[in-house]
Every structure is written in C-alpha cells, then in structure tokens.
Amino acid sequence: MSEWDELVNYFRGRSMWMLHYCTGCGAIELPPTMTSRWDMERFGIIPMATPRQADILLITGYLSIKTLKRVVYTYEQMSAPKWVLGFGSCTINGGIYWDSYGVIQNLDKYIPVDLYIAGCMPRPEAILDAFGKLKKMVQKGEAKGYEKYIKNYDWYKANQDRVFRRTEPVLRKAEEVTKSA
Amino acid sequence: MIVLLKLIQGIGAGALSISIGLLFVGIGRKITARIHRRYGPPFVQNFIDLFKLLSKKSISHGFTFDLGLIAGFSALLAAVVFLPMGQINIFPHNSSLIMILYLMTMAYLGMAMGVSSSGNPNATVGIARALTLTMGYEVPFAAVIFSVYLFAHTGSLTNIVAAQSGGFMNWNLVKLPFGFVAAEIALQGMLGEAPFDMAIAPAEIASGPMVEMGGKYLGFGMLQHSIGLFLETGIMVDLFLGGGSNVWIFVIKQFELYFLALLVNAIFPRFKIEDGVSFMWKVPLLLGIVQALIVVL
Amino acid sequence: MNTNLIWLVAMPLIGSAVTAVVVRYKFLDRLITFLTFATTLFVLFLAHVGQSYSWTLKFLGTTLNLTLNVSHLSIFMLYISIAFGTVLAFYSLIDNSRMKGFLLLLVLAANNWIFMSNDMIGFFFAWELMGWASVVSVLGGREKEKSRHAALYYAMMSVAGSYSMLFGIFILWRLTGTFSISANIAYLSSIIGGHPWWVLGIVSLFFMTFMIKSGIFPFHTWVPLAYAYSPDAFTPFLSAAMSKYGVYGMLLFLPLGLLEKGFPTAFGVPWTNYIFLWFGVITAVVGTVLSIFQDDVKKLFAYSSLSNLGYVVAAIALFTPVGITAGIYHAFNHLLFEGALFITLLAVISRSGTSKLSEMGGLWKKMPITFFTFFVGIASAAGIPPFNGFGSKWLVYQAMIKQHLIFATILLFLASTGAFMYLFKAFHSIFLGQLSHDYERVKEVPIVGQIVEAFLMIAMIFFGVQPGYILKPIGAIVKSMGLKPLPVMANGYVAGMFSNVYMPLIGWSLVVSFIFGFILFYVSAEHKNVSQTDNYTAGQIPEDWGLTPETYQFSWNFYQPVEKLFVPFFRIKIDGFFRGIGDWTKATGSAIKEIFVGNAQMYAFFAIVGLIIFVIAGWMA
Ligand code: SF4
C-alpha cells in the first residue's frame, strides 16, 4: 500500500456514511445509536438517504427473499469503496429463523459481508464497537468485500438466482392473478 | 502584471471562501450536536468528508450531469471574487449587489440542470421545491436590498460598506432594523436551513437534488453549499453589519449570522412548501415593505 | 429624396409577389423568401439616419403626402428586425411547417414601412397590412381548428386596435389638417398646457392600439393563443420582431406622455406615466405567473414573451434617460433570446412532433446543439450575467429605483424569480429527465438549423459580454429624444445610475473558475456512466415494477404547490370577458353598420365607446 492509499484509507475510516435502510428488528437499535445517548456522528458516521451517497450498507436483521432482491440491487448501486455490516444472528446463520422458508440464512452467500455483529439484537454499544472495528479494518485496507464481490461475481450471482427463483409464483403468473381478481 | 495579481487574489478569495465555508459547516455540526446534547463530530469533519467524497468512485448520468455540477460550483466561485470581504476587495468598482445575486443564479441553474438530467423524479421535485421557495424569499429580500439601495444611494457593495464605516451606530443593522429582521428570515430560506429545508427533505424525497449524487458529485455539491453559505452570509454582513475592518472580523461577523441560523435550524420542524412561501410573503415581506416605506417617505 | 428607402418597402413586396407564384414548390418559396430578406438587409446598409423620401397622392380630390424618413430609433428597429428575420428565413429553408413565404414577406414590407413612415395614412396602411398578413399566417398552424380560432381572436383584437388608431388619426386630422406624425406630435405638445385631458384622450387611443399589439395587460389574452397555434416557423418572428411595433409606437408618442405640464406627478413621474408603468409591471407579473402553469411549451413562452414586454413598457414609461435606455435595450435582448428560444422550440417540435411538455423529456442527448442554444437562451431570459438579458434587467431595476418606485421594483423582481421557475420547467421537461422510447430515433436538426442555432447562441453571448455595441446606438436614440444619454464607457460596460458592471470581467471570472472546476473534477476519482434506467428507486427493480421512462419522468403538475398559492387569482377570467365582447360585436356590428354607414369616424367612435363601456362593465362585474 502506497502512502497515498494509506492517507486515503485513513480519511475513509474517519468518514463512513451509512445507508439509512433497515430490514429487520435491528432498525430499532439505530435511533439510540444516532441520537444523544450514543451519538455515532462523533465518529463521522451519519445516515444517508440513497445508496449513491453511502459507504456502508447495514443489514439490520433477517432478510426475506423479496427484500434480498432489493438489497442486492441497492448494493450494486453503491459506488466502489463500500462495506457491508451484518447485524445479529439472523444474518450469520438465520438465528431464530434458521428453518424458515421465506428468509435467507447466510447473508455472506449473497453479498460479501465485511463484519458481523453477534447478538439478538446487538445493543448500541456493540454497534459502536463494530463501527470502531470496521474503521480500523478500513484504515488498514483489510475491508475489501467489494473487490471480492467483483472477483467472485458468478458464485454470488448463482446463489442469488437460486433463491430468487423461489419468489416466482408457483401456479399462475402474477398478471393473471391480478386480472382475475 | 495587474491581471496576474488580480488572478492570484481571485484564487485566494476562492480558496478562502471554500475553507471558511467548510469550516463553518463543520463548526455548525458541532454546535447542533451540542444543542442536541451530543458530543458531535470534530470540527474538521467536513474536510475529511470532502476528501473522502472526492476520492470515492461515483456514477454519472452523462455530460450534462457533470457539467451541471461543475457549473454549480464554479459559478459561485466566480461570484465570490466580487464580494468585498473586509480589506480584501478585488474589484471595488464591480461589486453591484444585483449582479452578484444574478451570477449566483447561474450556479443554481447549473446545479438544477445537473441533478435533473439524472432523470430521477425525486431530484426534480427537490429542485421544483427549491425554486418555489426561491420565489418566496427573493421577494422580501428584494424589498430589503432596494431599501438599502435607496438608503445608501448606491448599489455597489463597496459603497454600501463604506457608508457604514465609523462604528456600530452607523451600521444598517441599527438604521434599518426591520429590513435586517426581514433579511435574516430570508437568509434562513436562502441557506436552506429549517424550517425552510423542504428541498432536501431526506425522508420524503430521498434528499431531493442529491438523490443521484455520490462521490465527487456530492463533493461538488458540498463545495457549492459551503461557498453559497460564505457568499450569502457575506452579503448580509456587507449590507447590515458594516463589512469588516479586516477579513477576520468579517468572518467572525459572518459566523454570528450563521450561528443564529443554526439555532433556529436546530429546533424547528419543516414547513410545507406552500406554507413556507406564504410565510415568507407575510411576515418578512411586511417587515421589508415597512422598512422600504420608512426609507422612501 | 432618397429613393433607396422605397426599395426597403418595394423589395419585400416584389419578393412576396414572386413567392406567391411559386408557393407550390416549398423549397423555392423558402429560398426566395430568404434571398429577399438578405437583399433587404443589404438595401438597409444603404440607408442612413436623416434620409427621407416623400411623394404625393391625389385621391378623391384631396392630396395625401406620404413620407418615409429614417430616425435613430427606426434604423435601430429596422436593423434588429430584418437581421433576425434573415436568420429565421435561413432556418426556414429546412422547415416544413405550413408557413407561407409570401405572408412573411408582406409582414416584412409592412415592418419596414411602419418603422420609416412619417405620415399616419402610411402608418395605418402598413399597420393593417401587417395585421392581416400575420392573421392569415396564424391560420397555417399544426392544429387547424385551434389555429383558426386563434386567428379569429387575434383578428378581433387587431381590428379593435385599428379602430382605435383610426379614430385617433381622424381626430388629429380634423384638428390639424395634416397627417404628418411629427407635425401632429408637435401640435399636441403645444396644446398640452391648455388641454391636458384632450391630449391624454387622443394619445390613449393610439396607446391602446400599441398595447394590444404588444400584448400588454389587459389586452394580453390573444398572445398565448396566437403564438401557440401559429405555424412554428412563424412564431419566432411574431414574438421577437412583431411585438416591437407596439413598443416602437409607444416610443413615438411617448414624449407626449410626459404630461408634466398638465398633470401632477407621483414619485417623480407624471401620474399618467405612473399608471402606464403599472400596466407594464402587471403584465410582467401576470405573464410570469400564468407561464408557470402552462403545459404547452409555446404557450409557456408566449407568456414569457409578454412578461418581458411588461419590463420594456414599465421602463420606457418612466421616460428618464436610464428608463428609455433600459427599455430599448431590453426590447433588443427580448428579440434576441426570445427569437432564439422560439427557433429552438421550432427545432424540438419538428423533431418530436409534440408541443406538450408532459410528453417530452431527455432530448439533450439527441439534440446537443439545440440543447446548448436553449440553455444559453434561458440563461439570458433569466438575466444571468454575462449572457445578454442581464444588462437590461439590471438597468430596468436601476431606473425604477431611481424614481423610488419600490413596489414596482419588488414586483418586477418577483417576475424575474418566477421567470427562472418557468424557464427551468421548460428546460427540464424538454431536454432533461428520462428519454421516452418514442424519441429513441430522434435526430438533431439538419446542418442549416444547427448553423442558425449556433449563430444565435454566439450572438447571445457576444452581446452579453460586449453590450457597448447595442448601448451606443441606444444612446443616440435617447439623445434624439431630447434626453441626456447615459455616459458612454468602454465597450464592455453597462453604466448604471448606482454602479457599473464590466461584463467581460464576469466572463473571465467564469472562465477561470470553470477551468478550476474542471481540473478538480478530473483529478478526483473516476466515474462511470450509467443508463437512465439505473436510478435510485428505493431498492425497487424498475423492470419488476413495470417502470417506463414516461412514468418515471416528473413533468406533470410541476409547480402544484404554487398553484395552491395562486388559486384566488385564477377566478378572474379576462379571457372570457373579451370573448363576450367578441360575441357582442358580432351581433350588434351589423346594426351599427346600418346606422352609421358611410361615416368611418362615427363608426370607429362607437366601436371604441362600446369597447370602453365593456371594459368598465367587465371590471365592475
Ligand atoms: S438477530 Fe434477532 S433481533 Fe436481529 S433480526 Fe434476527 S431475530 Fe431480530
């Protein structure tokens, strides 16, 4: 890593903007993390409205297959240095949804996760701790999930397609259903 | 030789406005955090953010997208050099206030062109809101600046500043108090701070104009905001607070105005757009007209 | 005796006769039109200030003296209108709307005659020729039914105007026994001290005609219709050049409007002028506000055009040196940018086949030259320095502030901010946003059109940065009116009352900062271009959602919140009121004709009285 890259990484770690997009129960832990009690803005982390502006994608909990589709689309819309943070046991192994038909179990099979936070649900302290860890990883240049995604795109794509097939209607086409209704 | 000198001075003024503007926003974030009883980011956070944004990859929607964002930044930079800033006054014979205001319009036109060529309706809705609000605050502001014109018998900022020299009692703030209040409210709209921040509402229209901007585009947007902040507060200081004997006093006066705006911003919710405009056409406009009548009669 | 002046009128007439013969062959028709315009422009080079020509007609025992003469004002107007017409005629070579070349040439003949005529008979005849030729031109619009209706409405207003002028002419003739304009004006100014009301009445008759022609409130109702439904290639001339006849007429009679001797003053202007000024201000505001809500792009710019004429009228009504300068300067700028905008609209409409804003979008990639011309055009119209609209708007404000007219100034400022709103709306809806699938195969206009557009774009920048080329002739006009012209400064200066602006400096400042901006842009991290469908949609995938470019384009109900603000004002329907007059005229016209047959003066008088009664009745109701 050249000195310039080190400098760039140092500043990147100090200014990580997260996408304000919440999927599962984890959403409820973010407001306290943002506001007066824990105040994550002091680490330069602020919520942003769209994927174009954001650096971090938080997957705050379980992901239904339909939501996964949106998450993947959103992830692909984000620009290059981007990191994914998996919240809670649901993103690690399914958590209490380990045997659900409509929810994915391992997030890492579909998009590259840089860091997981264990717990159900992780408390704000844990979240802040994770942000600190991620910051160190970024500054050391270790968080390279987005490069992994491009390198192994075929594998990720195949995994995604396998679950997406499950969202298609089994019996009838969607239009037919709406027409007859 | 003189051309080269002016060029260097101009670049210096641009650099000053960018750094002061960024610093203001940084300090502003800290102050807002303290009002919220938070610790807040370091006050250089904005520089870090800017650096990160400029070094981040981004997407573009074509040449107009690029050009628009660049125009938004550059046209404001071009306007800054005409602003008298304390003892720095690069073109003293060319500081017509209306000229500066119209030149700033070019930046907003450029910005509007850029973001709406992205084809995202959220962006265009944001721009439409911003323009509607512009119609709201420009009217009281016009009343104020024309009162100042009449009062000082001059339209050039240099002369308006010169007319206020010689102590606090000569400031237009004291001489035209209604106008000052009206302009303060208009300034709140100009800066896009609450309660007039409907153009960049993050929850309803996904931050409006900024919806498709990422990386360096957002960086340019940030630069534009900083220079705009510098210019708008600078104009107010020249109009009402008597400019400054040197540039640092000038900056401190600017900060006072920004501080006021921040306090309001930190505690107010948002207006609905038409309510915002009709508010602008009621209270500040009335004050502005009262001031104008006092000056004329 | 300068016979070359005759050729200024005769040349277009001959050209129009020739084109009338070959009207079947479109290209030939357009070619001859263009050549005639070019020759007329050449003939104009031979004309100089102070030249005159007159001849005598024996008609039913009376002798009529017809005089042409060239003043500072007329040569300025002639240059700008013929030069613009030539550019337009060049563009029309590739145009395929149903504009007839011979009608345009008739208008040109009338144009030259109006600007040079120094006798009222010639003036009136030329005025009528212009009126009828343009009415017939309007008939050839894209939508037959609508353009017929628009032409009728326009004809009705023109006729009302003509009556009014005719009546004024006959009264003056009775009083002085001569038709010469300058003699009559001299007469009127000599009696102004004794009979101010008389003079006011006579001048108002003329002013009504001019206000109708320029579309000044409350006579603005024909403008949007006629502009929107006339042939696309004719509208630029209608808006840019023909709206100036009214301005010219006002300037001709305005020295009289300065009724200081007879009337008290308000804010340093005679109150007659003060009222007249408010007509201009109201036009500016009404035009702007109505423009914001239009969906038809030609209607939008029609309102925009008349709102700018409001500025002109407001400025010249002051009759101060800076006011007159500002007014004429803005008239010129209006000609340039409004002409350029209507020509780009012509290009866009010919390619996309629609004039509805809600049906267009994203055309900038397809028509880059048109796009940039339009961009410079709206920047000019919005008054952004260093483009050409800024100097005049700025002077208008200065002129108003000089007279302490603070309310009028604030309203004009409001109009200018509103102008930015509707201009951006048009800009976005035509060129930016999502490109519909229907326009995937749209191409840029042919090379002739591109040349014209590029030329106009350069002209707008050039006259913005170098206003001296226009301000100097205007200074001469102001001087010829007996006022003290603004100080003449170096070429790039716009000299105002309160401060000066050196336009090239702004230009250089922009150039330097743009270079800086581009450098910063290209040293920053790289970007990649994405398609228009790759857009933030809150995570929803466009294909799954059934999202099309048309549905993802925001152009319908663009300023809906503003609409809510203006709801109370929309209840006032001026248009319907004039329509009522139209019906009334139709019904009672024949009866009046029966009674007053053979007495043109009485006939005109009653038409006017009726109109005035109806105006009053309409406002009371
Ligand atoms: S890990 Fe627990 S808290 Fe988090 S989403 Fe799953 S069930 Fe909810």
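A, B, ... follow the sequence lines: proteins, then strands. Residue 1 opens every chain.
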Quick one: what part of [X] sits under 4.5 Å from any heavy atom of chain C, side chain, backbone, both or neither?
{"X": "B:Ile11", "value": "neither"}
{"X": "B:Glu138", "value": "both"}
{"X": "B:Asp275", "value": "neither"}
{"X": "B:Leu53", "value": "neither"}
{"X": "B:Val139", "value": "both"}
{"X": "B:Ala71", "value": "both"}
{"X": "B:Val295", "value": "neither"}
{"X": "B:Met113", "value": "both"}
{"X": "B:Leu76", "value": "neither"}
{"X": "B:Ser55", "value": "backbone"}
{"X": "B:Phe220", "value": "side chain"}
{"X": "B:Leu293", "value": "side chain"}

Value rounded to 0.5 Å, distance of [atom1] in [X] from [atom2] in [Y]:
{"X": "B:Ile70", "Y": "C:Tyr522", "atom1": "CD1", "atom2": "OH", "answer": "6.0 Å"}
{"X": "B:Asp66", "Y": "C:Phe521", "atom1": "CG", "atom2": "CZ", "answer": "3.5 Å"}
{"X": "C:Lys402", "Y": "B:His153", "atom1": "NZ", "atom2": "NE2", "answer": "10.5 Å"}
{"X": "C:Phe518", "Y": "B:Leu67", "atom1": "CZ", "atom2": "CG", "answer": "5.0 Å"}
{"X": "C:Gln398", "Y": "B:Ile98", "atom1": "CD", "atom2": "CD1", "answer": "6.5 Å"}
{"X": "B:Thr132", "Y": "C:Phe558", "atom1": "OG1", "atom2": "CZ", "answer": "8.5 Å"}

Self-check item: Stepwise side-chain contact (heavy atoms from CB on, under 4.5 Å) check, C:Asn535 with B:His61
Solution: CA-CA 9 Å; C:Asn535 232 313; B:His61 282 274; 4.2 Å; yes

With chain B, which of [options] has the greatest number of heavy-atom pairs at distances under 4.5 Å?
{"options": "C:Gln553, C:His428, C:Gln532", "value": "C:His428"}
{"options": "C:Ile515, C:Thr533, C:Leu423, C:Ile506", "value": "C:Ile506"}
{"options": "C:Ile410, C:Val530, C:Val523, C:Leu414", "value": "C:Val530"}
{"options": "C:Pro386, C:Gly433, C:Ala379, C:Pro368", "value": "C:Gly433"}

Go through [options] and name the one with the most non-hydrogen pairs under 4.5 angstrom from chain C.
{"options": "B:Val277, B:Leu69, B:Thr105, B:Val211", "answer": "B:Thr105"}
{"options": "B:Val80, B:Leu285, B:Val125", "answer": "B:Val125"}
{"options": "B:Thr158, B:Leu7, B:Ile127, B:Val81", "answer": "B:Ile127"}

Nearest non-hydrogen partners of [X] and [Y], listed with the distance:
{"X": "B:Met106", "Y": "C:Ile384", "value": "CB-CG2, 3.4 Å"}
{"X": "C:Ser513", "Y": "B:Leu77", "value": "CB-CB, 3.9 Å"}
{"X": "C:Ile406", "Y": "B:Ser147", "value": "CD1-N, 3.9 Å"}
{"X": "C:Ser509", "Y": "B:Ala78", "value": "OG-O, 3.0 Å"}
{"X": "C:Asn529", "Y": "B:Gly62", "value": "OD1-N, 3.6 Å"}
{"X": "C:Phe554", "Y": "B:Pro121", "value": "CB-CB, 3.9 Å"}

Measure distances from [X] to the heavy atoms of chain B and classify the residue's part below 4.5 Å as side chain, backbone, both or neither.
{"X": "C:Lys393", "value": "side chain"}
{"X": "C:Val512", "value": "side chain"}
{"X": "C:Phe387", "value": "side chain"}
{"X": "C:Ala382", "value": "backbone"}
{"X": "C:Phe372", "value": "side chain"}
{"X": "C:Ile378", "value": "side chain"}
{"X": "C:Tyr559", "value": "side chain"}
{"X": "C:Phe427", "value": "side chain"}

Self-check item: Criterion side-chain contact (heavy atoms from CB on, under 4.5 Å) on C:Tyr552 and B:Asn120, from CA distance to verdict
Solution: CA-CA 7 Å; C:Tyr552 212 54; B:Asn120 196 310; 3.8 Å; yes

With the side chain counted from C-beta on, respond yes when [X] and [Y] share a heavy-atom pair under 4.5 Å apart, and no when they do not.
{"X": "B:Phe63", "Y": "C:Lys365", "answer": "no"}
{"X": "B:Phe73", "Y": "C:Leu520", "answer": "yes"}
{"X": "B:Thr64", "Y": "C:Phe371", "answer": "yes"}

Self-check item: Criterion side-chain contact (heavy atoms from CB on, under 4.5 Å) on B:Tyr217 and C:His527, from CA distance to verdict
Solution: CA-CA 9 Å; B:Tyr217 296 92; C:His527 62 271; 3.3 Å; yes

Quiz prompt | Other residues, nucleotides, ligands: >12 heavy atoms within 6.0 Å of B:Trp281 CH2 | solution =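 For B:Trp281, atom CH2 is crowded (more than 12 foreign heavy atoms under 6.0 Å).
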
Self-check item: Exceeds 12 heavy-atom contacts within 6.0 angstrom, atom OH of C:Tyr536
Solution: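 More than 12 heavy atoms, drawn from other residues, nucleotides or ligands, come within 6.0 Å of this atom.
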
Exercise. Spell out, as yes or no, whether a donor-acceptor pair under 3.5 Å connects the side chain of C:Thr417 to the backbone of B:Met135.
Key: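 Answer holds: no.
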
Exercise. Examine distances only and state if a side-chain atom of B:Lys57 and a backbone atom of C:Ala525 form a donor-acceptor pair shorter than 3.5 Å.
Key: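 No, because the side chain of B:Lys57 does not come within donor-acceptor range (under 3.5 Å) of the backbone of C:Ala525.
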
Quiz item: Are B:Phe146 and C:Phe413 an aromatic pair by the rule of ring centers under 6.0 Å?
Solution: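 Yes, close enough.
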
Quiz item: Which is it for C:Phe424 and B:Ser116 under the side-chain contact (heavy atoms from CB on, under 4.5 Å) test, yes or no, and what are the steps along the way?
Solution: CA-CA 10 Å; C:Phe424 178 72; B:Ser116 50; 3.3 Å; yes

Quiz item: Are C:Ser416 and B:Tyr102 linked by a side-chain donor-acceptor pair shorter than 3.5 Å?
Solution: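 Judged by distance alone, the side chains do pair up.
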
Practice problem: Answer yes if the side chains of B:Ser117 and C:Trp364 hold a donor-acceptor pair under 3.5 Å, and no otherwise. | Solution: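 B:Ser117 vs C:Trp364: no donor-acceptor pair found between side chains.
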
